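A short write-up of the structure that comes next.
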Amino acid sequence: MEAPPDNDVLWARSLHFTHPDGSPGLSGVSLAVREGEILAVSGPRGSGKTTLLRCLSGLVPVREGEVWFNSTPLHTLGPAHRERLRRDRFCWIGPEPGLVPELNAWENAALPLMLRGTSRRRAKTTALEWLERLDVGEIARKRPHRLRQAERQRVSIARALAPAPTVLFADEPTAPLHRADRGHVLRTLTSAARSHGITVLLATHDPETAALADRTVNLLDGRPVRTVHLPEVPDAEGRAACSISV
Amino acid sequence: MLDLRLTRAARPAVQLRRLLVAAASAGTGFLLLSCLGYALHHPGAAGAGALRLAWCAVPVTATVYLALAVARTDPGTRPRPGLSALGLGPARLTAISCLATALATTLGSLLALLLFLRLRGELPGMRSAGARAAFLAVGEPLPLPATLTLLAVVPAVATAAVAVALRPRDPRPVRRPQRRYLPFGRSGAPVRADGTVPAPGHPEGAPAAPGGTADPEPAPAATLAERAVLPGLPWAVALLAAGLTAHAYAGRTPPAHAPTFATLPGEAGTILLGWALTAVGLVLAAPGLTHLCGRLLQCARPGALRLLAGRILMTEAARIGRPLGVVCAVFAAGYAMTTLYDAPARAFGPLSALGALVVAGCAVATLLTSAVQARQGRAETTDALLRLGAPTTVLRGAAALRAFALLVLFTPLTLAVAALAALPLTR
């Protein structure tokens with residue numbers, strides 16, 4: 001095994017993944033993520049974007065292929081090590097905010113810091129700063145069920161950014177939002193990541209979202225492709241067949 | 001057929017819970033049948049027979065309570081978005097819950113009948129050996145209608161309770177008072193919660209002010225329940241005090257002999273009333289106490305562990321608190337009757353022991369089932385926490401801390417209630 005080059009923070013080689021029920025996930029994905037870049041993983045639904053992010057972040061064990069993070073081989077680590085890595089170096093934003101309903105907004109944002117052992121006062125200061133930066137400072141004391149979806153998603157982004165992770169995995173972070181909210185949330189996410197030098201892996205099926213990234217990797221049926229060219233769908237296929245048969 | 005197949009194809013833990021319901025139903029059915037046997041054996045003593053039958057209300061209630069908790073936890077009867085289009089909508093799922101409950105309880109009743117017949121020696125090829133107890137009424141023919149009626153009590157009541165509790169309901173819009181004050185302990189002035197009128201000078205198009213918009217979705221039930229648990233606490237304490245007072249009132253005249261389950265002395269009515277009030281008070285007080293316990297756990301600059309443990313306890317107070325109160329009431333009564341009262345041993349025959357076992361077992365099983373239900377309800381949050389990399393030790397530690405805090409609060413409470421209830425009678 002050979003360690004990846006220095007400027008690549010995350011690196012996958014011939015990654016294969018099959019879901020536990022036997023359905024194919026990834027077949028032979030190789031990619032390298034440079035430090036501080038925003039890499040969009042693009043492709044239609046079901047093309048393996050989420051699976052790739054789950055493999056790279058160590059949420060699922062990798063059986064075939066290699067995943068390296070800063071010269072740490074993720075594919076050889078056990079669940080406890082991967083969990084510690086996820087806590088200390090990675091962060092995750094999903095399509096659902098996934099906030100803890102019992103905690104208010106700033107406590108949610110401060111939770112990863114507190115889980116890392118930061119003192120409560122410092123965690124609170126950092127969380128409130130990030131909430132201010134993401135324009136949701138005034139709702140810091142509200143519980144998630146009293147927030148709107150866009151606000152919840154912003155709290156979720158603040159929670160991911162507050163511990164200053166090395167790599168941020170964003171899996172369709174704007175999927176449940178309207179277009180106006182979507183643009184705003186994405187711009188805050190990308191600008192915050194750029195100003196703090198955080199590497200972002202952004203899974204999205206939306207070309208507009210992918211345009212905000214530095215580089216785009218297209219996935220199709222679990223394989224990286226250069227361009228997605230799907231065959232044109234003839235718009236009246238059934239009608240023509242019927243008229244011939246009748 | 002589909003209902004039966006869905007009922008059959010469940011995980012072992014679910015089947016185990018259903019077996020528990022069946023076992024409780026079997027115990028209760030046996031108690032009911034032995035009442036019938038007693039009445040057959042002593043045709044003259046109608047009052048004593050009726051009293052025994054009345055005592056059976058306690059195990060019947062406990063069994064129905066357990067069946068309800070198990071039906072609520074059943075994963076097969078959760079609404080499934082995809083299957084609603086196939087006709088497995090909420091109404092059909094309620095029917096499946098009712099069927100599963102009816103199956104389990106009927107199985108228990110049949111087991112009770114088999115055991116009863118076996119002890120009477122009526123099954124072919126089996127002669128019962130050992131002493132003939134009076135409640136078996138050996139030699140008397142067993143009346144079929146009475147037997148069937150008694151055995152049908154638990155299945156019918158349990159199924160009806162499940163049908164009423166799990167009937168499909170649309171979520172009602174949350175009606176809020178015009179002015180609402182923040183709960184005690186939170187900072188802030190009175191908050192206007194309706195917020196239909198925007199604040200003067202509020203710019204159009206900008207994000208609305210905090211608290212100025214109606215919630216797009218109703219608050220989760222747990223949060224509403226959380227608001228509802230604390231106002232019940234004063235009433236619960238009043239009921240508890242009234243119950244203990246009734247005990248003291250009954251204890252003014254020392255009883256001629258210790259009360260037994262079948263022959264109650266004159267002042268036993270007051271004692272029973274006292275126990276009923278005490279039990280209701282405990283059941284009503286437990287959610288509020290659980291909430292306070294959680295609040296104490298998370299106060300004073302908590303870290304992640306205490307924060308998670310305390311807040312979750314506060315949210316789950318209504319769900320966990322009621323069964324916890326029932327367990328407390330059952331154990332307080334059991335403790336007082338077995339150890340604190342004078343001459344406690346006379347009260348306990350095999351049937352009383354079986355009844356006590358059914359009631360205590362049902363109470364504990366209901367508490368555990370409610371804990372499972374709470375855990376299922378939090379599964380998504382737990383997943384999100386694990387994705388964040390929260391160590392499993394923190395999550396388990398929070399759960400252990402919750403259990404420990406509840407134990408620390410409720411064990412002395414139970415013992416104190418038992419001691420106070422028994423105090424006037426043991427002087």
Side-chain angles (χ1 to χ4, degrees), chain A residues 54 57-59 79-80 82-94 96-104 107-108 110-121 123-124 135-151 156 159-160 163 165 169 171 181 184, chain B residues 174 176 182 186-188 191 193 195 205-224 226 294 298 300-317 377-378 380-395 397-398:
Chain A
R54 285 169 65 88
S57 65
L59 271 172
R82 278 187 276 128
E83 175 193 299
R84 196 180 316 142
L85 201 63
R86 257 197 333 271
R87 182 167 67 248
D88 295 343
R89 297 307 194 88
F90 297 162
C91 260
W92 180 281
I93 304 171
E96 294 294 318
L99 302 178
V100 181
E102 290 89 8
L103 308 183
N104 63 26
E107 283 163 342
N108 262 300
L111 190 62
L113 281 167
M114 287 202 260
L115 285 173
R116 291 177 186 198
T118 317
S119 76
R120 179 183 164 89
R121 184 190 298 265
K124 180 175 181 177
D135 292 340
V136 278
E138 71 273 18
I139 51 126
R141 297 194 174 275
K142 283 192 184 180
R143 296 273 185 94
H145 69 88
R146 298 198 56 202
L147 306 182
R148 286 178 298 153
Q149 184 78 343
E151 292 170 334
S156 161
R159 177 176 71 174
F169 294 92
D171 178 20
D181 283 333
H184 200 159
Chain B
V174 185
R176 293 211 174 135
L182 284 174
R186 306 255 182 86
S187 61
V191 169
T213 48
D215 286 349
E217 60 189 57
T223 321
L224 292 178
E226 185 188 337
Q298 56 94 47
R301 320 187 62 77
L305 183 70
R306 277 201 298 139
L307 195 63
L308 280 177
R311 288 290 171 81
I312 292 173
L313 204 54
M314 283 163 73
T315 313
E316 301 290 339
R378 304 189 36 77
E380 279 184 24
T381 314
T382 312
D383 277 352
L385 280 175
L386 287 179
R387 265 203 307 274
L388 277 183
T392 40
T393 48
V394 167
L395 299 181

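A quick note: this is a predicted structure, and the numbers were derived from the prediction, not measured. Side chains are part of it too, since the values below use all heavy atoms of this structure and drop only hydrogens, waters and symmetry mates. Letters A, B, ... mirror the listed sequences (proteins, then strands); counts begin at 1.
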Tell me which of these, A:Arg54, A:Arg86, A:Arg121, A:Glu83, has more heavy-atom pairs under 4.5 Å with chain B than the rest.
A:Glu83

Should A:Glu107 and A:Arg159 count as an ion pair when the cut-off is N to O under 4.0 Å?
no

Note: vs chain A, highest number of non-hydrogen pairs under 4.5 angstrom among B:Ala390, B:Gly310, B:Ala384 is B:Ala390

Using modelled atom types and a 3.5 Å cut-off, is there a donor and acceptor pairing between side-chain atoms of A:Thr118 and backbone atoms of A:Met114?
no

Non-hydrogen atoms of chain B under 4.5 Å away: do they reach the side chain of A:Arg82, the backbone, both or neither?
neither

Part of A:Leu103 lying under 4.5 Å from any heavy atom of chain B:
both

With a 4.5 angstrom heavy-atom cut-off, is it the side chain or the backbone of B:Thr392 that approaches chain A, or both, or neither?
both

Answer with side chain, backbone, both or neither: which region of B:Leu386 has an atom nearer than 4.5 Å to a non-hydrogen atom of chain A?
backbone

What's the spacing between B:Leu308 CG and A:Leu115 CG if we round to 0.5 Å?
7.0 Å

Give a yes-or-no answer on whether the side chains of B:Gln298 and B:Arg306 include a donor-acceptor pair shorter than 3.5 Å.
no

Of all the heavy-atom pairs spanning A:Phe90 and A:Pro165, show the shortest one and how long it is.
C-CB, 4.0 Å

